[in-house]
Amino acid sequence: GAMADPVKRILIVGLGSIGRRHMVNLSARFPTAAFTVLRQAAVPDDLCDRFGARVVTDLDAALTEGCDLAVVSSPSSNHIDSLPALIATGCAMLVEKPIVASLPDCDAVLDLLARAPGAVRVSGFNFRHIPSLIKMQRLVQSGALGTIVRASFTAGQWLPDWRPAQDYRQSYSADAVRGGGVELDLVHEIDVARWLFGDLTLQFAQGGRLSSLGLASNDVSAMIFTGKSNAPIVQVSLDYVSRKRLRHYEVVGDKAGLCWDIGGMLDQITPDGRAPLALPPGGFDVAQSYIDMIDRIAQAMTGDWPEPLQTLEDGIASTRLALQARERGTRA
């Protein structure tokens, strides 16, 4: 029979748009769970009222009631404020991407994890829960494409259109200190590359502030990565400038290639032509990917999710590459 839900109290750190999304999904998945919300100011909030959440402004106060699952969805540069205490408690965790916002913080969190009690701790790279990309990853891993020689991951969007309710100049995206810039903001592409091809090494990065947007963070970056001896050359190109939202992934193998596009269209390219393997709209359902991620975490907590979920260590590896690219690609 189904085990009782292991989650009695949920802590949400940070209540921006992503924290709110998680709160709604978690309350649907764990209808009896009580919520604690940690935020900078205890201001009235409709969502907190709706779910009867206890709102606190201090981490110690947040942890007094205990917590079965913590969701860290504050700005990435603030994650380091709550991660040490949360990791030490041994509660289950979901940490939004990027996991941290500096290279020293990557090392600090890995040290904490090495000493911490075991727990289900998952990185919030939700693209790993998108059906067309799961299909793409399995095909790459299966060897069906032959020897893969190169892959490219391109993403871009005009920053002012991204969060239309907010002045883009005030957003964290516009400020490298707060974890902004395309390298960290669009770290999905680096993570998907690692998911498909294993650990990567950054060989080259060039970033810049080339557009008319006037940001204090890079609005464009181009990177080249290599992997283990027979791994493909991987190219990642990111921007805040594309006037229409753009995401395009390509994998080139000597038996077959793959082409993935925003919307969830996945095509296999062979000598016989192009065959669709996944089609919109189901292939790229971002809202559903968050629900699936929560569901899999819940199953992992009761021990019955068979697939490995992306650990915090793995998420830090993707975050580290993004930070290295930002550091190497920014010329004074």
Side-chain angles (χ1 to χ4, degrees), residues 14 16-21 73-77 96-98 101 124-130 132-133 136 151-193 204-225 234-250 259-267 280-281 283-290 318-319 321-331:
S17 61
I18 189 72
R20 304 178 90 78
R21 183 196 284 257
S73 49
S74 52
S76 51
S77 53
E96 267 306 315
K97 52 94 205 155
F125 284 94
N126 60 299
F127 276 32
R128 295 194 180 209
H129 301 269
I130 285 176
S132 55
L133 291 177
M136 186 177 194
S152 65
F153 300 83
T154 307
Q157 183 170 5
W158 184 238
L159 184 60
D161 294 344
W162 197 340
R163 302 183 189 86
Q166 185 185 26
D167 175 357
Y168 76 88
R169 290 178 205 83
Q170 305 303 316
S171 72
Y172 75 85
S173 298
D175 183 1
V177 178
R178 283 154 65 203
V182 288
E183 302 89 350
L184 285 188
D185 230 346
L186 298 172
V187 65
H188 277 302
E189 276 56 46
I190 294 172
D191 185 66
V192 170
F204 172 84
Q206 181 69 62
R209 300 168 190 185
L210 303 186
S211 75
S212 56
L213 287 165
L215 308 181
S217 65
N218 286 344
D219 58 24
V220 61
S221 179
M223 313 162 202
I224 292 181
F225 298 95
V234 173
Q235 203 177 328
V236 175
S237 309
L238 309 172
D239 71 75
Y240 282 147
V241 182
S242 301
R243 298 311 304 248
K244 289 289 299 166
R245 204 160 143 238
L246 165 79
R247 271 204 152 100
H248 181 78
Y249 303 167
E250 257 179 85
C259 200
W260 181 88
D261 254 299
I262 201 161
M265 176 80 94
L266 177 66
D267 286 348
F284 188 70
D285 187 336
V286 171
Q288 186 61 40
S289 73
Y290 285 103
S318 293
T319 301
L321 289 178
L323 288 161
Q324 287 173 345
R326 181 174 80 180
E327 202 163 274
R328 210 174 295 180
T330 307
R331 314 273 187 269

Less than 4.5 Å apart, side chain to side chain, heavy atoms only: is that true for Ile262 and Leu246?
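Of all side-chain heavy-atom pairs linking Leu246 with Ile262, none is under 4.5 Å.
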Student check: side-chain heavy atoms of Thr330 and Asn218 closer than 4.5 Å:
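A side-chain contact under 4.5 Å exists here.
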Between Asp161 and Tyr168, does the side chain to side chain contact (heavy atoms under 4.5 Å, CB included) criterion hold? Intermediate values first, please.
CA-CA 9 Å; Asp161 294 344; Tyr168 76 88; over 6 Å; no
Which residues pass the side-chain contact (heavy atoms from CB on, under 4.5 Å) test with Arg178, sequence neighbours left out?
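Arg178 satisfies side-chain contact (heavy atoms from CB on, under 4.5 Å) with Ser77, Tyr172, Asp175 once adjacent residues are dropped.
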Which heavy atom in Leu323 sits nearest to a heavy atom in Ala101, and how many Å separate them?
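Minimum heavy-atom contact is CD2-O, 3.5 Å.
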From Ile18 CD1 over to Ser74 OG, what is the distance, rounded to the nearest 0.5 angstrom?
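So the CD1 of Ile18 and the OG of Ser74 are separated by 12.0 Å.
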Find the distance between CD1 (Ile224) and CD (Gln235) and round it off to the nearest 0.5 Å.
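Here the rounded value is 5.5 Å.
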Do NZ/NE/NH1/NH2 and the carboxylate oxygens of Asp191 and Lys97 come within less than 4.0 Å?
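No, Asp191 and Lys97 are not salt-bridged.
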Ring centroid separation for Phe127 and Phe284, is it under 6.0 angstrom?
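For Phe127 and Phe284, the ring centres are under 6.0 Å apart.
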Contact between Tyr290 and His129 at the side-chain level, heavy atoms closer than 4.5 Å - yes or no?
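A side-chain contact is absent here, since even the closest heavy-atom pair is not under 4.5 Å.
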Whether the Tyr240 and Asp185 side chains hold a donor-acceptor pair (N or O, under 3.5 Å, no angle test) is what I'd like checked.
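There is such a pair (donor and acceptor under 3.5 Å, judged by atom type) between the side chains of Tyr240 and Asp185.
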Name all residues meeting the side-chain contact (heavy atoms from CB on, under 4.5 Å) criterion together with Ser17; count only those two or more places apart in sequence or in a different chain, and write none if there are none.
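side-chain contact (heavy atoms from CB on, under 4.5 Å) check on Ser17 returns nothing, list empty.
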Contact list for residues 236-245, test salt bridge (Lys or Arg N to Asp or Glu O under 4.0 Å), sequence neighbours left out
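For residues 236-245: none.
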Shortest non-hydrogen contact from Leu213 toward Val241
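Between these two residues, the closest heavy atoms are CD1-CG2, 4.5 Å.
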Could you walk me through whether Glu250 and Trp260 pass the side chain to side chain contact (heavy atoms under 4.5 Å, CB included) check?
CA-CA 6 Å; Glu250 257 179 85; Trp260 181 88; over 6 Å; no
Side-chain contact test, heavy atoms from C-beta onward, threshold under 4.5 Å: evaluate it for Leu238 versus Met223 and give yes or no.
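Leu238 reaches Met223 side chain to side chain.
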Take Arg326 and Leu184, measure what side chain to side chain contact (heavy atoms under 4.5 Å, CB included) needs, and give me the verdict at the end.
CA-CA 8 Å; Arg326 181 174 80 180; Leu184 285 188; 3.6 Å; yes
Any heavy-atom pair between the side chains of Ser211 and Leu159 that's under 4.5 Å?
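In short, these two side chains do not touch, never coming nearer than 4.5 Å.
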Heavy atoms, side chains only, cut-off 4.5 Å: are Leu215 and Arg209 in contact?
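No. Closest side-chain heavy atoms not under 4.5 Å.
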Between CZ of Arg247 and CG of Leu186, what distance do you get to the nearest 0.5 Å?
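Nearest 0.5 Å value for the CZ-CG distance: 6.0 Å.
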Nearest 0.5 angstrom please: Arg163 CZ to Gln170 CD, how far?
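Rounded to the nearest 0.5 Å, the CZ-CD separation comes to 13.0 Å.
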Do you know which two heavy atoms are closest between Gly14 and Ser73, and how far apart they sit?
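Minimum heavy-atom contact is O-OG, 3.0 Å.
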Within the structure provided, determine whether Cys259 and Tyr249 are in side-chain contact (heavy-atom separation under 4.5 Å).
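No; the side chains remain at least 4.5 Å from each other.
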Checking Glu327 against Glu183 for the side chain to side chain contact (heavy atoms under 4.5 Å, CB included) test, could you report, in this order, the C-alpha distance in whole Å, the side-chain angles of both residues, the deciding distance, and whether it holds?
CA-CA 10 Å; Glu327 202 163 274; Glu183 302 89 350; over 6 Å; no
Does the side chain of Ser242 pick up a donor-acceptor pair with the side chain of Trp158 at under 3.5 Å?
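Short answer, no.
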